[in-house]
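Everything on this sheet refers to the single structure shown next.
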Amino acid sequence: MEINKIKSIIEAILFSAGRPVTKKELMISLEIAEEDIDNIVASMQEEYQQQVRGIEIIKIEDCYQLGTKKELHDSIYPVLDKRTKPNLSNASLETLAIIAYNPKISRAEIEAIRGVSADASVYKLLEYGLIEEGGKIDLPGKPMSYQTTSEFLRMFGYASLEELPELPRYKLDENKQIVIDDLIEQQEETQEQIEEKGKVEAPIPEREDV
């Protein structure tokens with residue numbers, strides 16, 4: 001099948017579906033290999049970018065979805081989107097971040113990290129479809145685990161959880177608490193280094209060891 005014909009079919013499928021379409025669905029419809037799907041969609045994404053189009057194809061795990069570009073949201077929203085947007089509190093965002101970085105985590109583990117009850121935040125995130133139940137954990141009482149959904153990836157613009165920013169690495173004490181004194185000391189050392197560098201008016205020539 002001609003490549004432009006395949007592109008037009010993919011575009012039509014994504015436009016009509018109005019949801020993430022799996023690679024498998026595209027493979028069945030077009031009867032071509034997964035590698036070909038990925039290469040053709042990548043070519044379409046580049047074309048949309050070069051042509052300064054108002055739409056783009058985003059990748060969400062093993063799915064593709066046609067959507068409007070994020071930078072055009074302010075122009076589109078007043079005309080079309082009258083839906084209630086998720087209004088997440090700081091507590092809900094903290095809970096969401098914990099679940100994103102710790103897939104298959106239980107509610108008790110979330111509360112142990114935050115130090116407060118997570119019931120309200122978990123219910124709200126479930127209601128918005130940003131998290132889902134991930135099955136029971138093999139622990140006493142068989143607690144339910146939670147994980148983020150494809151809606152979370154779509155909303156925050158990630159193709160997969162592997163694209164999440166790397167968390168800073170802090171030293172922990174015997175109680176698994178962040179060692180604040182060490183952080184302060186590191187900051188002070190860094191500041192001293194900056195101030196010391198500021199005193200140097202000219203580069204010092206290198207010397208050979210004698």
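Basis for what follows: all heavy atoms, side chains included, without hydrogens, waters or symmetry-related copies.
The side-chain contact (heavy atoms from CB on, under 4.5 Å) test with Ile58 singles out one residue from Lys69, Gln65, Gln45, and that residue is Gln65.
With hydrogens and angles disregarded, a donor-acceptor distance shorter than 3.5 Å links the side chain of Glu109 to the backbone of Ser106. Glu11 places no side-chain N or O within donor-acceptor distance of the main-chain N or O of Lys7, the cut-off being under 3.5 Å.
When all heavy atoms of Ile57 and Met44 are compared, the pair lying nearest together is CD1-CE, 3.8 Å. The two residues Ser150 and Glu61 come nearest to each other via the heavy atoms CB-OE1, 4.3 Å. When all heavy atoms are compared, the tightest approach of Tyr128 to Glu151 is O-CG, 4.3 Å. The shortest heavy-atom contact between Leu153 and Ala159 is CD1-O, 3.8 Å.
The ring-ring contact (aromatic ring centres under 6.0 Å, His included) check on Tyr101 picks up nothing, with sequence neighbours excluded. Applying the side-chain hydrogen bond (donor to acceptor under 3.5 Å, both in side chains) criterion to Arg114, with sequence neighbours excluded, gives Glu94. Judged as a side-chain hydrogen bond (donor to acceptor under 3.5 Å, both in side chains), and not counting sequence neighbours, the contacts of Asp38 are Lys23, Tyr64. For the side chain to side chain contact (heavy atoms under 4.5 Å, CB included) test, residues two or more places apart in sequence or in another chain that qualify with Asn39 are Glu35. By the side chain to side chain contact (heavy atoms under 4.5 Å, CB included) test, Glu46 pairs with Gln50, sequence neighbours left out. Looking at residues two or more places apart in sequence or on another chain, you find no salt bridge (Lys or Arg N to Asp or Glu O under 4.0 Å) involving Asp36. Checked against ring-ring contact (aromatic ring centres under 6.0 Å, His included), Tyr158 has no partners two or more places apart in sequence or in another chain. Annotation: side-chain hydrogen bond (donor to acceptor under 3.5 Å, both in side chains) contacts of Thr22 (sequence neighbours excluded): Glu25. Partners of Lys24 by salt bridge (Lys or Arg N to Asp or Glu O under 4.0 Å), not counting sequence neighbours: none found. For Glu132, the salt bridge (Lys or Arg N to Asp or Glu O under 4.0 Å) test picks out no residue, with sequence neighbours left out. Contacts of Glu111 classified as salt bridge (Lys or Arg N to Asp or Glu O under 4.0 Å), with partners at least two apart in sequence or in another chain: none.
Residues Val116 and Ile105 fall into different hydrophobic clusters, defined by Ile, Leu, Val, Met, Phe, Trp and Tyr side chains chained together at heavy-atom separations under 4.5 Å. One hydrophobic cluster, built from ILVMFWY side chains closer than 4.5 Å, holds both Val41 and Phe15.
The environment of CD in Glu127 is crowded: more than 12 heavy-atom neighbours from other residues, nucleotides or ligands sit within 6.0 Å. Atom CD of Gln49 is surrounded by 12 or fewer heavy atoms from other residues, nucleotides or ligands within 6.0 Å. The number of heavy-atom neighbours closer than 6.0 Å to CG of Asn4, taken from other residues, nucleotides and ligands shown, is above 12.
Put simply, CD on Glu56 and CG on Leu72 are 8.5 Å apart, with the number rounded to the nearest 0.5 Å. Separating the NZ atom in Lys136 from the NZ atom in Lys104 is a distance of 13.0 Å, to the nearest 0.5 Å. Of the inter-residue distances, the one linking Arg107 atom CZ with Ser117 atom OG reads 8.0 Å to the nearest 0.5 angstrom. Annotation: the span from Ile37 atom CD1 to Leu26 atom CG amounts to 5.0 Å, rounded to 0.5 Å. In this structure, OG in Ser43 is found 11.0 Å from CD1 in Ile6, a value given to the nearest 0.5 Å. Taken from OG1 in Thr95 to CD1 in Ile110, the straight-line distance is 6.0 Å, to the nearest 0.5 Å.
Other cluster members for Leu139: Ile137, joined by side-chain heavy-atom distances under 4.5 Å among Ile, Leu, Val, Met, Phe, Trp and Tyr.
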Open item on the list: Using side chain to side chain contact (heavy atoms under 4.5 Å, CB included), reason through Tyr146 and Leu126 one step at a time and then give a plain yes or no.
Closed with: CA-CA 9 Å; Tyr146 297 93; Leu126 285 169; 4.1 Å; yes
Evaluate Ser29 against Ile13 for side chain to side chain contact (heavy atoms under 4.5 Å, CB included), listing each step before the verdict. CA-CA 9 Å; Ser29 174; Ile13 291 173; 3.5 Å; yes
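Ile99 has its side chain out of reach of Leu130: every pair of non-hydrogen atoms, C-beta onward, lies at least 4.5 Å apart. Residues Leu161 and Pro103 form a side-chain contact, since some pair of their non-hydrogen atoms from C-beta on lies under 4.5 Å apart.
Side-chain contact annotation: Lys59 with Ser160, donor-acceptor N/O pair under 3.5 Å absent.
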